[in-house]
There are 2 protein chains.
Amino acid sequence: MEILDKPLWNELEKSIHEPARLAIVTRLCAEKAGLGFQDLKSECGLTDGNLSRHLKVLEEASIIHLDKVGKGRKSHTCVKLTPDGREAFLRYLYSLEKVLHGALDALEINSHDLPSALPLAVS
Amino acid sequence: MEILDKPLWNELEKSIHEPARLAIVTRLCAEKAGLGFQDLKSECGLTDGNLSRHLKVLEEASIIHLDKVGKGRKSHTCVKLTPDGREAFLRYLYSLEKVLHGALDALEINSHDLPSALPLAVS
DNA sequence: TGTTGTAACTTTGTATCACAAAGGAATCAA
DNA sequence: TTGATTCCTTTGTGATACAAAGTTACAACA
């Protein structure tokens, strides 16, 4: 269980943990063929500049690969998860699950009961 | 289902989402009586200054309450989750669970199989 | 053939944030 | 009483998120 030696929270890969990037990676992991910049932008509800910046971070972390075809008006950037990226994402999700269950244990509720434990119960 | 109108990621309360603060809040939610600064510090693996700063953020978000008794060397700060904080944390966990399951769905694995899907299977 | 428009990003500027080093503040030990 | 110790806070710095402005190339029209 060496994964628990370090505090669990340090396992949460920062490059993925940021909400916008979590959205990006989640969306990408379902698309083996990759996704265009514009599609990703609208599906994740991000601005151009914002998406651009986040993609740069993810690319520098070798989590995604950018394939830019053409230039100027006709350019098209295809964003794809790398094998390493997918692996990192799996690890991230595993850590996330442990964090989540740790919290639910501490609260002594099981995930099944979570919605009803909320103040304004969600339909 | 108004909670799904906004992109799911925006539901991840920033003041809680940061890993160190997630650690703090998770640790606190199990302690109705609250926890001392020093205990929290060592259990979350944070430095003095760092914990101080994070507690300030959480206090400003009304997620925790700080009870400082005494001054100087003998002072003792007791950190407690507020009712609102507990509520916010539950909502956060609910969102987190949705994010997690959304990702697992996209990957077409169920959470049970997650450990074995990892590159270096965790014992 | 310019020149205006537009699509698809990138870069830049600003405001916020995380972190740890340095700084109180009160007490204790010699 | 002065130097060490405990328990935090503040400050300084480097990183980050965001959107406004910029860039590049093509397209359509006069």
Side-chain angles (χ1 to χ4, degrees), chain A residues 6-28 34-80 92, chain B residues 6-28 34-61 63-80:
Chain A
K6 309 174 198 172
L8 189 46
W9 336 99
N10 295 347
E11 291 292 318
L12 294 172
E13 181 68 34
K14 265 183 102 176
S15 54
I16 297 179
H17 191 61
E18 201 283 327
R21 292 196 293 264
L22 188 47
I24 292 167
V25 173
T26 300
R27 188 62 193 81
L28 283 181
L35 216 60
F37 188 100
Q38 294 302 324
D39 292 339
L40 208 51
K41 177 184 123 181
S42 59
E43 294 192 27
C44 296
L46 297 167
T47 59
D48 283 10
N50 214 347
L51 176 56
S52 179
R53 199 65 192 70
H54 285 306
L55 291 182
K56 201 168 183 176
V57 171
L58 289 171
E59 192 183 27
E60 272 161 13
S62 300
I63 286 169
I64 61 168
H65 178 71
L66 297 177
D67 233 337
K68 183 162 181 177
V69 184
K71 288 222 158 191
R73 185 177 178 173
K74 277 220 172 150
S75 73
H76 184 257
T77 300
C78 181
V79 188
K80 216 177 289 191
Y92 173 81
Chain B
K6 310 175 198 172
L8 188 47
W9 335 98
N10 295 346
E11 291 291 318
L12 294 172
E13 180 68 33
K14 265 182 103 175
S15 55
I16 296 179
H17 191 61
E18 200 282 327
R21 292 195 293 263
L22 187 48
I24 293 167
V25 173
T26 300
R27 188 62 193 81
L28 283 180
L35 215 60
F37 187 100
Q38 294 302 324
D39 292 340
L40 207 51
K41 175 185 124 181
S42 60
E43 294 191 27
C44 297
L46 297 167
T47 59
D48 283 10
N50 214 348
L51 176 55
S52 179
R53 200 66 192 67
H54 285 306
L55 290 182
K56 202 167 181 176
V57 171
L58 289 171
E59 191 183 27
E60 271 160 14
I63 287 169
I64 62 168
H65 178 72
L66 298 178
D67 232 336
K68 184 161 180 177
V69 184
K71 289 219 158 192
R73 185 175 181 176
K74 277 221 172 151
S75 74
H76 185 257
T77 301
C78 181
V79 188
K80 217 176 288 190

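Predicted model only: the values in this text are computed from it and were never measured. Hydrogens, waters and symmetry mates play no part in the numbers below; they use all other heavy atoms, side chains included.
Taking a heavy-atom distance under 4.0 Å as the criterion, the stretch of DNA chain D touched by chain A extends 5' to 3' from D/dA17 to D/dA27.
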Can you check nucleotides 24-26 of chain C for protein contacts, nitrogen or oxygen pairs under 3.5 Å, and list what you find?
| from | atom 1 | to | atom 2 | distance (Å) |
| --- | --- | --- | --- | --- |
| C/dA26 | N3 | B/Arg73 | N | 3.3 |

Identify all pairs in which a protein N or O lies below 3.5 Å from an N or O of nucleotides 10-14 of chain C, and state each distance.
| from | atom 1 | to | atom 2 | distance (Å) |
| --- | --- | --- | --- | --- |
| C/dT10 | OP2 | A/Ser52 | OG | 3.0 |

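Two end axes, each from the C1' atoms of five base pairs, can be drawn for the helix from C/dT1-D/dA30 to C/dA30-D/dT1; they diverge by 30°, to 10 degrees.
For the pair B/Leu66/B/Phe37, no side-chain contact is recorded, criterion being any heavy-atom separation below 4.5 Å from C-beta on. At a threshold of 4.5 Å between non-hydrogen side-chain atoms, the residues B/His17 and A/His17 count as touching. Residues A/Leu51 and A/Ile24 are in side-chain contact: their nearest non-hydrogen atoms beyond the backbone lie under 4.5 Å apart. In this structure, A/Val79 and A/Asp39 have side chains that are not in contact, with every pair of non-hydrogen atoms separated by 4.5 Å or more.
Closest approach of A/Cys44 and A/Arg27 over heavy atoms only: SG-CB, 4.4 Å. Scanning both residues, A/Arg21 and A/Lys14, for their nearest heavy atoms gives NH2-O, 3.4 Å. The heavy-atom pair separating A/Ser75 from A/Gly70 by the smallest distance is CB-O, 3.6 Å.
In this structure, OG1 in A/Thr47 is found 8.0 Å from NE2 in A/His54, a value given to the nearest 0.5 Å. Here the OG1-CD distance, from B/Thr77 to B/Gln38, works out to 9.0 Å after rounding to the nearest 0.5 Å.
Across B/Val57, B/Leu55, B/Leu58, a single residue satisfies side-chain contact (heavy atoms from CB on, under 4.5 Å) together with B/Ile63, and that is B/Leu58.
In this structure, the NZ atom of B/Lys14 is 6 Å from the P atom of C/dC17, given to the nearest Å. In this structure, CG of B/Leu22 is placed 17 Å from C1' of C/dC17, rounded to the nearest angstrom. C/dC9 atom C1' lies 13 Å from atom CG of A/Leu40, rounded to whole Å.
Counting only residues at least two apart or in different chains, salt bridge (Lys or Arg N to Asp or Glu O under 4.0 Å) contacts with residues 53-67 of chain A are absent.
Scanning for side chain to side chain donor-acceptor pair (under 3.5 Å) contacts around B/Ser15 gives B/Glu13, with sequence neighbours left out.
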